[in-house]
Protein chains: 2
Amino acid sequence: MQVLRAMKSTSVSLEKDKSESPEGNQAGKREQTKLANRAAILEAGRQIFAELGYEGTTVRDIIRRTELASGTFYNYFKSKEEVFHALHDDGLARFKPLLRAARESAGQDFQGFMITAFGAYFNFLLNDQSVDREMAAMPDWTRVRFDTPESLALFDELKSDIVAFATEFNLDQVDPELLTASCIGIAQEIGDRLLRGRVKDIEAAARFAAYFVLGGSQRVQSEMQA
Amino acid sequence: MQVLRAMKSTSVSLEKDKSESPEGNQAGKREQTKLANRAAILEAGRQIFAELGYEGTTVRDIIRRTELASGTFYNYFKSKEEVFHALHDDGLARFKPLLRAARESAGQDFQGFMITAFGAYFNFLLNDQSVDREMAAMPDWTRVRFDTPESLALFDELKSDIVAFATEFNLDQVDPELLTASCIGIAQEIGDRLLRGRVKDIEAAARFAAYFVLGGSQRVQSEMQA
DNA sequence: ATACGATGTTGACGCGTTGTCAGGATTTCG
DNA sequence: CGAAATCCTGACAACGCGTCAACATCGTAT
């Protein structure tokens, strides 16, 4: 049963909705159910992943929380991995503007950019309804990490931001690849501890990370010049 | 068929090896086969994980590369995850002494410790026959990370080393939890790029990481005092 | 309005994996 | 040597996977 029908189950036999149907049915019914089905699968996936962990969930678990038949799943995704990627990329798409905003509000202030960017990331981790957040709370020891094209794109964007500041501040001896990697590593690892409650203060963590990166870069610069 | 017998297949029907058997059979035959079976499963697991990735391998894949029957697997491990944990912990056990050596050869030289420690880690990653190394080379974009008790123990050891240096150098404003997390994150992320060939020079990477951490810590200290 | 082609859904099927267990083989010990 | 303990073996039931022929629904041309 397609989810669109299920959602309309209150107005069951009203086949004829006048063309002036209240909510926009701008697209054909086909398109609508397709979107609704996809959304239903994604939402079910988000819940199940949070409950059972990535390893523990099966395609059947996901589809079972839906009103769809098992075969229908494969019209939308090839595997649970693809569902996870989609959820992950959704999160990234929500985060991306935050990073851009940090970049633009910072102007030439490297330190300001770093504080805002780390802060945005940590806040996002703790507040956004993302897969990763729920799963990090799991008692499990196993974590999965995905490098989707979207992730890599974000990393590259961050890298070019960093490079811009690095040239601005004459950090020509600092390998951008290593610097970006370090920023990501710090964000990952501190973010992880925030999610698990080993670190509490988001503000303090963001400032720590920012100062750390700033000081680290400058030290590398001066050591490499020598 | 137990692997011990298979290994002795050249001297098949020699049931009675005199008590003066050349290689030490100090323990009973039972113990020997148990160790040999376990080792065979672990070695098979290492190979298969490297070939098929963590997700892709099944318990059957592992046991099939062995002369054991499928049921026997479960006398030694509960799941493929447990095999992976064991392999992971093996690697850790090999790395631990390297970290200790770095600690002891460094004396009071914080920077020396950091360079040696990062260098040891990166060299270990690239040269040791560990599961992680093989799997990082995989075309896949899914990575798993395990926090076994052993891992956590190593992190704690590293943390206490870091704390020792931090007090020595009056870094009393630097949160040890955040500092340790940053070191681990940097090591992870740079290590990953080394494994994938995006970064080539191990020496340079180790010095970068060390200077970065040193400079970062001092900057955090001075900023937090203000 | 009706009929027909296009598109999406359904659930059962064959295949492979999982973890278990009764039966059998091997080692240990009295 | 023989009994008891140990543990290896391979078949088994349950289950997940991805596919596919049959079916239902939608878009569209008449």
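Chain letters run A, B, ... following the sequence lines, proteins first, then strands; residues in each count from 1. Computed over heavy atoms, backbone and side chain alike; hydrogens, waters and symmetry mates excluded.
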Looking at Asp192(B) and Arg143(B), does any basic side-chain N land under 4.0 Å from a carboxylate oxygen?
yes
More than 12 heavy atoms of other groups within 6.0 Å of Glu203(B) CD
no
Rounded to whole Å, the CG-C1' distance (Leu68(B) to dC7(D)) equals 11 Å
Between C1' of dC26(D) and CG of Asn37(A), the distance in whole Å
14 Å
Phe212(B) and Phe118(B): aromatic ring centres closer than 6.0 Å?
no
May I have the distance from Glu81(B) (atom CD) to dT18(C) (atom P), rounded to whole angstrom?
13 Å
Between CD1 of Ile63(A) and OH of Tyr74(A), what distance do you get to the nearest 0.5 Å?
9.0 Å
Hey, what do you get for CD1 (Ile62(B)) to OG1 (Thr57(B)), rounding to the nearest 0.5 Å?
4.5 Å
Distance check needed: dT17(C) P versus Glu55(A) CD, whole Å only.
17 Å
Taking atom CD1 of Ile186(A) and atom CD of Gln188(B), what is their separation to the nearest 0.5 Å?
13.0 Å
Check whether any side-chain nitrogen or oxygen of Tyr76(B) sits under 4.0 Å from OP1 or OP2 of dC8(D), and answer yes or no.
yes
Could you tell me how far apart Gln32(A) (CD) and dT7(C) (C1') are, to the nearest whole angstrom?
16 Å
Please work out if Phe77(B) contacts a base, only the sugar-phosphate, or nothing of the nucleic acid, heavy-atom cut-off 4.0 Å.
nothing
Is it the case that Arg103(B) places NZ or CZ above or below the six-membered ring of Phe165(B), under 6.0 angstrom from the centre and within 45 degrees of the axis?
yes
How does each nucleotide of nucleotides 13-18 of chain D score, in 5' to 3' order, for protein heavy atoms under 4.0 Å: base (B), sugar-phosphate only (S), or none (-)?
---SBB
Set out, line by line, the N/O atom pairs under 3.5 Å between protein and nucleotides 2-6 of chain D.
residue: dT6(D); atom: O2; partner: Arg30(B); partner atom: NH2; Å: 2.2

Got a sec, which pairs hit salt bridge (charged side-chain N to carboxylate O under 4.0 Å, His left out) with one end in residues 175-186 of chain B, sequence neighbours left out?
Arg193(A)-Glu177(B), Arg198(A)-Glu177(B), Lys159(B)-Glu177(B)
Report the distance from atom CD of Glu31(A) to atom P of dT28(D), rounded to the nearest whole Å.
11 Å
Just checking, is any N or O donor in the side chain of Asp61(B) or Thr58(B) under 3.5 Å from an acceptor N or O on the other one?
yes
Starting from P on dC7(D), measure out to CD1 on Ile41(B) and report it in whole angstrom.
13 Å
Asn75(A) side-chain N/O to dT9(C) phosphate OP1/OP2 under 4.0 Å:
yes
